[in-house]
Amino acid sequence: MYDYDLLVVGSANADLVIGVERRPAAGETVLGSDLAVHPGGKGANQAVAAARLGASTALLARVGDDGHGRLLLDSLRSAGVDTVGVLVGGAPTGVALITVDPSGDNSIVVSPGANGRLTPEDVRAAGSLFHASRVVSAQLEIPLETVVAVASSLAPDSRFVLNPSPPRPLPAVLLAACDPLIVNEHEAKVILGDSAIGDDPEDWARILLAKGPRSVVVTLGAEGALVASKDGVSRVASVKVDAVDTTGAGDAFTAALAYRLGTGASLEEAAAYAARVGAAAVTKEGAQDSFPTAAEVDAL
């Protein structure tokens with residue numbers, strides 16, 4: 001028996017958000033809205049999103065011993081996330097500086113802070129969490145060597161989901177563990193590098209699959225998503241909504257997909273559910289504040 005449907009290993013940040021009429025060009029200053037502070041970071045976001053959907057969820061992360069760290073711990077606990085794996089201290093809590101324009105598109109700069117101090121040793125010390133988790137999810141806002149350690153710490157029957165954001169070239173040993181590798185269009189092109197051919201997402205999915213992952217999901221925003229495995233490539237339809245803020249939507253998608261895979265859903269079924277969760281998330285402002293419950297997803 002597994003204690004957790006999902007273990008998320010990753011970042012926990014304070015999101016400092018300003019609304020702008022347009023994002024500034026180089027050397028330009030623009031006025032924005034009042035500053036809003038929200039709990040965020042891809043790791044914490046995924047953990048909260050999964051817990052909101054009803055998943056038994058734990059997070060392995062590091063925050064600072066400061067106000068932002070306490071904000072994150074309070075948010076995680078109120079969502080029902082087990083914070084036994086959240087380490088405190090070593091550096092200030094990570095911060096993301098986010099601008100959001102009227103269309104809901106965002107630009108983000110991240111100061112990793114304590115996230116950069118989450119080490120392979122921390123992963124190995126948390127072995128009991130890995131063996132208690134049905135699915136393990138990670139991103140790249142923590143050191144790459146730590147993510148590699150995550151992939152080598154999985155329980156024999158657990159599944160590893162990776163969203164390589166922010167994107168960078170990945171070692172073969174990490175790619176081989178992914179089931180699936182979840183990328184958007186930009187992330188796909190970075191990981192493909194010189195292997196990128198044309199603008200056909202189906203081709204990207206097939207080439208990514210050939211690089212070693214057991215399965216691949218390419219998210220396409222309003223156009224839905226693609227899923228690729230040894231069984232072929234198929235499309236997953238999007239859900240049409242009026243977007244308010246896209247911050248955290250990708251994290252909600254990944255969390256929902258990882259959770260559903262652990263319940264026995266096929267990759268296509270899990271991606272279709274994740275598309276509905278991601279669509280619900282963009283209809284509200286913020287990251288964690290926007291994540292839907294299972295009932296809200298069903299209503300959508």
Side-chain angles (χ1 to χ4, degrees), residues 1-13 41-51 53-65 69 72-73 75-77 79-91 93-94 112-165 170-182 212-215 251 254-255 257-264:
M1 290 289 294
Y2 291 102
D3 294 326
Y4 302 106
D5 298 313
L6 179 64
L7 168 64
V8 182
V9 186
S11 59
N13 292 326
K42 289 186 172 296
N45 285 352
Q46 288 185 15
V48 168
L53 295 171
S56 175
T57 309
L59 174 66
L60 175 58
R62 185 177 288 276
V63 299
D65 185 10
L72 282 156
L73 286 167
S75 173
L76 290 161
R77 290 166 180 159
V81 176
D82 191 334
T83 59
V84 66
V86 180
L87 308 171
V88 178
T93 301
N115 297 308
R117 275 72 165 187
L118 188 67
T119 66
E121 288 72 25
D122 294 330
V123 169
R124 288 188 279 270
S128 60
L129 278 177
F130 286 89
H131 284 84
S133 301
R134 190 182 309 277
V135 180
V136 178
S137 175
Q139 327 77 37
L140 298 184
E141 288 184 338
I142 57 176
L144 183 59
E145 60 267 24
T146 303
V147 180
V148 172
V150 169
S152 65
S153 300
L154 304 173
D157 296 324
S158 64
R159 190 163 184 165
F160 180 59
V161 176
L162 177 65
N163 171 221
S165 179
L170 301 177
V173 65
L174 186 57
L175 284 168
C178 297
D179 191 15
L181 175 74
I182 303 178
R214 300 174 193 179
S215 59
D251 300 327
T254 297
L257 187 145
Y259 167 42
R260 275 303 171 106
L261 287 175
T263 66

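Computed from heavy atoms alone, side chains included, the values below leave out hydrogens, waters and symmetry copies. Remember, it's a predicted structure, so these values are computed and weren't measured experimentally.
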Who are the salt bridge (charged side-chain N to carboxylate O under 4.0 Å, His left out) partners of Asp122, not counting sequence neighbours? Arg62
Main-chain N/O of Ile142 paired to Ser11 side chain as donor or acceptor, under 3.5 Å: no
With sequence neighbours left out, write down each residue that passes side-chain contact (heavy atoms from CB on, under 4.5 Å) with Asp5, or none if nothing qualifies. Ala55, Ser56, Arg134, Tyr259
Salt bridge (charged side-chain N to carboxylate O under 4.0 Å, His left out) against Arg124, all qualifying residues, sequence neighbours excluded: Glu121
To the nearest 0.5 Å, what is the distance between CG (Leu175) and CG (Leu162)? 8.0 Å
Tell me if a side-chain donor or acceptor on Thr93 pairs with a main-chain N or O of Val63 at a distance below 3.5 Å. no
Polar side-chain atom of Gln139 near backbone of Ser165 as donor-acceptor pair, under 3.5 Å: no
Ala177 meets the side-chain contact (heavy atoms from CB on, under 4.5 Å) criterion, sequence neighbours left out, with Ala151, Phe160
Salt bridge (Lys or Arg N to Asp or Glu O under 4.0 Å) pairs touching residues 143-159, sequence neighbours excluded, are Arg159-Asp179
Do Ser137 and Gln46 get their side chains close enough for a donor-acceptor pair, meaning under 3.5 Å? yes
side-chain hydrogen bond (donor to acceptor under 3.5 Å, both in side chains) partners of Ser133, counting only residues at least two apart: none
Restricting to side-chain hydrogen bond (donor to acceptor under 3.5 Å, both in side chains), what partner residues turn up for Thr83, sequence neighbours left out? Arg77
Only counting residues at least two apart or in another chain, list the ones meeting side-chain contact (heavy atoms from CB on, under 4.5 Å) with Ser158. Leu154, Ala155
side-chain hydrogen bond (donor to acceptor under 3.5 Å, both in side chains) with Thr57: which residues, sequence neighbours excluded? none
Partners meeting side-chain contact (heavy atoms from CB on, under 4.5 Å) with Ala176 (sequence neighbours left out): none
Can you tell if the side chain of Val84 reaches within under 4.5 Å of the side chain of Leu129, non-hydrogen atoms only? yes
What residues, two or more places apart in sequence or in another chain, satisfy side-chain hydrogen bond (donor to acceptor under 3.5 Å, both in side chains) together with Asn45? Asp251, Gln288
